[in-house]
Structure formats: C-alpha cells, structure tokens
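Atoms within a ligand are numbered from 1 in the order they appear, just like the ligands themselves. Worth knowing before you read on, the calculation uses all heavy atoms, side chains too, and leaves out hydrogens, waters and symmetry mates.
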Amino acid sequence: MSPSPWLVSLAFNSMKCVELLLLLLASSVCLSPTIAAQQTCPADLNSKCGDDAPSGPGDWEGEFFPGIPKIKYEGPTNKNTLAYKWYNAEEVILGKKMKDWMRFSVAFWHTFRGTGGDVFGAPTKFWPWEDGTNSLAMAKRRMRAHFEFMEKLGVDRWCFHDRDIAPDGKTLTETNENLDEIVEVAKKLQDETNIKPLWGTAQLFMHPRYMHGAATSPEVKVYAYAAAQVKKALEVTHYLGGENYVFWGGREGYQTLLNTDMKRELDHLANFLQAAVDYKKKIGFNGTLLIEPKPQEPTKHQYDWDVATTFSFLQKYGLTGEFKINVECNHATLSGHSCHHELETARINGLLGNIDANTGDPQIGWDTDQFLTDISEATLVMSSVVKNGGLAPGGFNFDAKLRRESTDVEDLFLAHISGMDTLARGLRNVAKLMEDGSLDGLVRKRYQSFDSEIGATIEAGKGDLETLEKKVLEWGEPTVSSGKQELAEMLFQSAL
Ligand code: XUL
Ligand code: CO
C-alpha cells in the first residue's frame with residue numbers, strides 16, 4: 001500500500017498554497033524507485049541506508065558531516081569560508097556577549113526537511129543520510145544529523161513543528177506515540193549537547209483536514225483536532241525545555257469572504273488561544289507564547305496580517321499580557337512594511353519576542369525565505385533588538401532555506417554562517433552608531449521643541465485646545481526645520 005501523500009511529505013517549505021500542493025506531489029516522487037536510487041550513503045562510513053533497511057540501533061555511528069570542522073571565529077580578514085568572520089560568540093558588545101544578543105536557532109523544517117522542490121520542479125536535495133522513507137528510523141537518524149550540524153555550527157537552539165520531526169500515524173494516538181519516540185531521541189541528544197529548543201510549534205496547515213483552517217475552520221471536529229495537536233505540541237515543547245511556543249496561522253484566514261463568517265472565525269481563534277494559555281499554565285510551562293504575523297500565503301488573507309493587526313486582535317480579546325510577537329522579516333515585506341517597521345511596532349508596544357531571520361527577494365513577490373545577507377537591513381534589525389534590550393527568552397530563528405540550486409551538504413553550513421555573520425555585523429554596526437551618537441543626536445534634535453514647558457504639558461496629555469490656540473496667537477507662524485533625511489542616511493551608511 002502506498003502511503004498517502006501527506007504522510008510522506010511533511011517537508012514544509014514555507015511556500016505558496018500551490019507550492020505546497022506540488023511539494024506533496026514531489027514528496028511522493030521522492031519515494032519512487034528512480035529517485036530513491038539517487039540516495040547515497042557515504043562509502044567511507046559503511047553504514048546501512050537506502051534500500052537495505054532503514055536504520056536500526058547503531059546505524060550511522062560515524063559523522064554525518066565528515067570533512068566539516070567545528071566552525072570558529074577567525075576574523076574578517078580570514079579567507080576560510082567555513083569560519084565566522086564577524087560572529088564571535090564570547091565577545092562582549094554593548095555590554096552583552098554576542099551569543100546572548102543573538103540566541104541563534106536552526107529551523108529543523110528548512111534545514112532537515114527542505115527538499116528543494118518548487119512549483120515547477122521536483123526535489124533537488126538528496127542528502128547522504130536520507131533513505132527516501134518517512135519512517136521513524138529515518139526520523140531518528142535525521143535528528144542525529146541535526147544535532148551534529150548544530151554542534152559543528154556552535155548554535156545551541158533549534159525550532160521545530162511537531163510533524164517535521166516525526167511522521168503522522170493513522171490515528172492521533174499513533175501520531176502522538178511516533179512523536180514521543182522521536183522526542184526521546186531529541187531529549188537524549190539535547191542532554192548530551194546542551195542544545196535546547198528556542199521554540200516548538202504545531203503544524204496546522206499541511207494536512208488536508210486543515211484546508212479551511214485549524215482554529216478558524218468551520219468544522220468543530222477540526223477545531224478540536226487542532227486543539228488536541230496544540231496540547232501535545234505544548235507538552236513536548238515543555239518537556240524538551242523549550243523557551244517559547246509559536247502560533248503561525250498559515251490557514252487561519254480566508255480565500256473568499258462570500259463563504260466566511262469572519263466574526264465567528266476570529267471569536268473562535270481567540271477562544272482557541274485562550275485555551276492554549278490556560279493549558280500552558282496548567283502544565284507549568286513558563287515559555288513565552290508567540291504569534292507570528294503573515295498577511296497571506298497560503299490563504300489569500302491571513303487574520304494575523306501584521307504586527308498592528310495582531311496587536312489590535314490581542315487587545316480586543318484581552319490576550320495582550322499572554323502573547324508576544326515573532327516578527328519574520330519576509331512576512332513583514334509581504335505585508336507592505338519593512339522588517340524594521342514591524343520590529344519597531346512590536347517593540348514600542350512591548351511585544352517583541354522573537355525574530356524569524358530571513359528575507360525575501362525584491363524582484364519576487366512571495367515568501368522566498370532566504371538567508372538575510374544584507375548588511376544595511378541587518379543593522380536596522382539589530383538596532384531594534386538593541387533598543388529592546390535583546391530578545392531573551394526569544395532569539396533569532398533561521399526560518400530560511402537554501403536555494404533550490406544549492407545542493408551540496410556544505411551549502412547548509414555556508415548559508416547559516418553567512419546569516420549569522422550578517423546579523424553579527426549588524427550588531428557591530430549598531431555599536432558604532434551608538435558610540436558615534438550623531439544619528440541619535442539628529443533624532444533628538446528633531447523633537448527638541450517638545451523639551452519645553454508647553455511640550456511637556458502636551459506630552460502629559462494636558463494640552464487642551466484653548467491653551468494651544470492662545471499659544472499660537474502669541475507665537476505667530478511657526479518656523480519648521482529641515483528633516484535632514486539625507487544626513488540621516490549618510491550617518492547610517494558611514495557605520496556599515
Ligand atoms: C511560514 C512560517 C512558518 C512559521 C512556523 O511562512 O514562517 O515556518 O515560522 O510555523
Ligand atoms: Co516563520
């Protein structure tokens with residue numbers, strides 16, 4: 001019996017709805033003999049994989065990444081591509097170690113379940129450790145590869161969806177048992193390496209049952225199924241020592257308002273989130289609950305459109321104290337904002353909890369989930385993080401994937417090194433800007449007229465219209481100063 005496509009796929013790539021469908025197709029292709037034949041096992045390790053038999057105990061005793069050294073800081077002038085040039089974990093910048101500012105995390109789904117499949121094409125990545133199955137044995141081996149990867153990279157956090165790490169079963173009970181089995185493997189590896197989840201989450205968008213939404217599905221049994229899934233994912237995240245838990249509502253939205261009762265769906269979503277808050281407290285999970293906004297994709301309209309929309313939703317339903325926001329840069333640009341805008345909106349409202357560090361492509365209109373390598377962008381991102389006093393207990397999750405055409409194992413390392421170095425460089429630039437002080441001075445100067453008696457009255461909320469009218473009559477026409485935008489840009493640039 002051939003497994004259903006959704007049982008075998010599970011490789012979530014943050015794609016468009018249509019891409020996800022193709023991914024499902026591509027994943028079944030992955031099981032076909034032709035593609036399976038392309039799987040490789042490293043000859044030097046003499047390990048069993050591929051057709052033989054998926055791993056048993058003792059399988060893959062050797063290294064998954066032979067030839068890749070532990071990645072170290074070697075400074076900006078070093079030409080070694082498998083080294084950090086800007087990220088020096090222990091170095092203190094602006095009063096904190098770099099590793100404490102950054103709190104980097106590897107996204108399991110992109111790095112270990114990304115296949116390279118896209119709307120028009122089959123998977124391109126055939127990692128040596130993959131045997132073409134979606135078995136439990138494969139899930140265990142993959143988890144071991146993941147931990148070796150993080151150790152070599154020197155990253156001590158990871159993020160996962162429940163369904164990325166363990167295969168679905170035929171029933172919820174069987175699925176939960178599968179998950180438990182893999183979680184035990186992860187726990188053991190965590191204990192050996194001191195690596196922990198930055199956050200966990202439930203995958204509530206891949207399975208066909210969620211086609212109309214999960215918490216916002218019109219089917220009460222689907223709502224209940226999603227609730228059961230979140231219950232388990234919260235337990236597992238708590239058990240693994242996760243510091244946060246994320247809600248990304250990929251299908252919580254609509255394709256057309258003609259068949260949608262938007263008020264009812266939003267009420268359901270709020271009740272769902274409240275139930276998660278209650279359960280979190282019941283099991284003693286102290287991690288932060290995070291909502292990750294995105295305007296659309298896969299739905300035409302996603303309810304958590306952007307930070308401001310999410311904030312007003314939380315306020316309306318009395319949930320503000322219970323949630324923070326996970327800002328994803330590529331989602332920010334999809335909603336027509338800059339990442340910096342979304343970060344600042346979250347920060348000034350006390351909601352900045354985590355960052356999904358990635359970027360889109362200016363010429364492509366969708367969620368390409370690329371590693372962030374733009375130094376100017378990284379400097380803006382880090383300026384919000386520094387103003388926020390850091391992100392802990394949140395951090396930076398690399399919700400980013402290799403390009404379809406990047407197919408070497410080494411590329412997985414290069415991509416993360418580059419993403420980490422870019423943000424580290426951003427932090428160093430913020431330190432330069434702060435030390436110089438000119439840009440902050442320019443901003444302060446723009447508002448200095450409010451540092452007056454009448455300004456203080458207005459800022460205290462006591463500037464009534466009659467008083468202000470009297471002032472205008474006394475002052476006459478105001479003189480307005482230059483905005484100094486080009487100077488601001490010049491000062492910013494000089495730090496890059
Ligand atoms: C989708 C996305 C997700 C969330 C977790 O665009 O970003 O990977 O981060 O579900
Ligand atoms: Co994300």
Under 3.5 Å: N/O of [X] near N/O of ligand 1:
| X | result |
| --- | --- |
| D369 | no |
| D399 | yes |
| H161 | yes |

Atom of [X] closest to the Co ion (ligand 2), considering N, O or S atoms:
| X | result |
| --- | --- |
| E328 | OE1 |
| D356 | OD2 |
| E292 | OE2 |
| D399 | OD2 |

- Give the ring-plane orientation class for H301 versus Y254, where under 30° counts as parallel, over 60° as perpendicular and anything between as tilted.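 Parallel, since the angle between the ring planes stays under 30°.
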- Message: Tell me whether K294 is salt-bridged to D356, with the criterion being a basic N under 4.0 Å from an acidic carboxylate O.
- Response: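 No, this pair does not count.
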- Message: Could you check whether E184 pairs with K188 (Lys NZ or Arg NE/NH1/NH2 to Asp/Glu carboxylate O, under 4.0 Å)?
- Response: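 Result for this pair is no, no salt bridge flagged.
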Numbering the atoms of ligand 1 from 1, which are under 4.0 Å from a heavy atom of [X]?
| X | answer |
| --- | --- |
| E292 | 2 (C), 3 (C), 4 (C), 5 (C), 7 (O), 9 (O) |
| W109 | 8 (O) |
| D356 | 9 (O) |
| W199 | 5 (C), 9 (O) |

- Query: With side chains defined as the heavy atoms from C-beta onward, is the minimum distance between L423 and M102 less than 4.5 Å?
  - Reply: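 Result yes, sub-4.5 Å side-chain heavy-atom pair found.
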- Query: Any side-chain heavy atom of K152 sitting closer than 4.5 Å to one from E63?
  - Reply: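 Answer yes - side chains close enough.
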- Task: Begin from the C-alpha positions of T333 and N330 and carry the test side-chain contact (heavy atoms from CB on, under 4.5 Å) through to its verdict.
- Result: CA-CA 5 Å; T333 48; N330 204 162; 3.7 Å; yes
- Close approach of H110 to ligand 1, heavy atoms, under 4.0 angstrom: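 False for this residue.
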Ligand 1 versus [X]: contacting region, heavy-atom distance under 4.0 Å:
| X | answer |
| --- | --- |
| Q203 | neither |
| K294 | side chain |
| D367 | side chain |

- Who are the side-chain contact (heavy atoms from CB on, under 4.5 Å) partners of I364, not counting sequence neighbours?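 Here the qualifying residues are D361, W366, T368.
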- Partners passing side-chain contact (heavy atoms from CB on, under 4.5 Å) against V386 (at least two apart in sequence or in another chain):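 Here the qualifying residues are L94, W101, L427, V430, M434.
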- Atom of W127, atom of L402 and distance for their closest heavy-atom approach: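 For W127 versus L402, the nearest heavy atoms are CH2-CD1, 4.0 Å.
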- Task: May I ask you to establish whether R113 and F108 are in a cation-pi arrangement, using a distance under 6.0 Å from NZ or CZ to the six-membered ring centre and at most 45° from the ring axis?
- Result: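 Not satisfied by the 6.0 Å and 45° rule.
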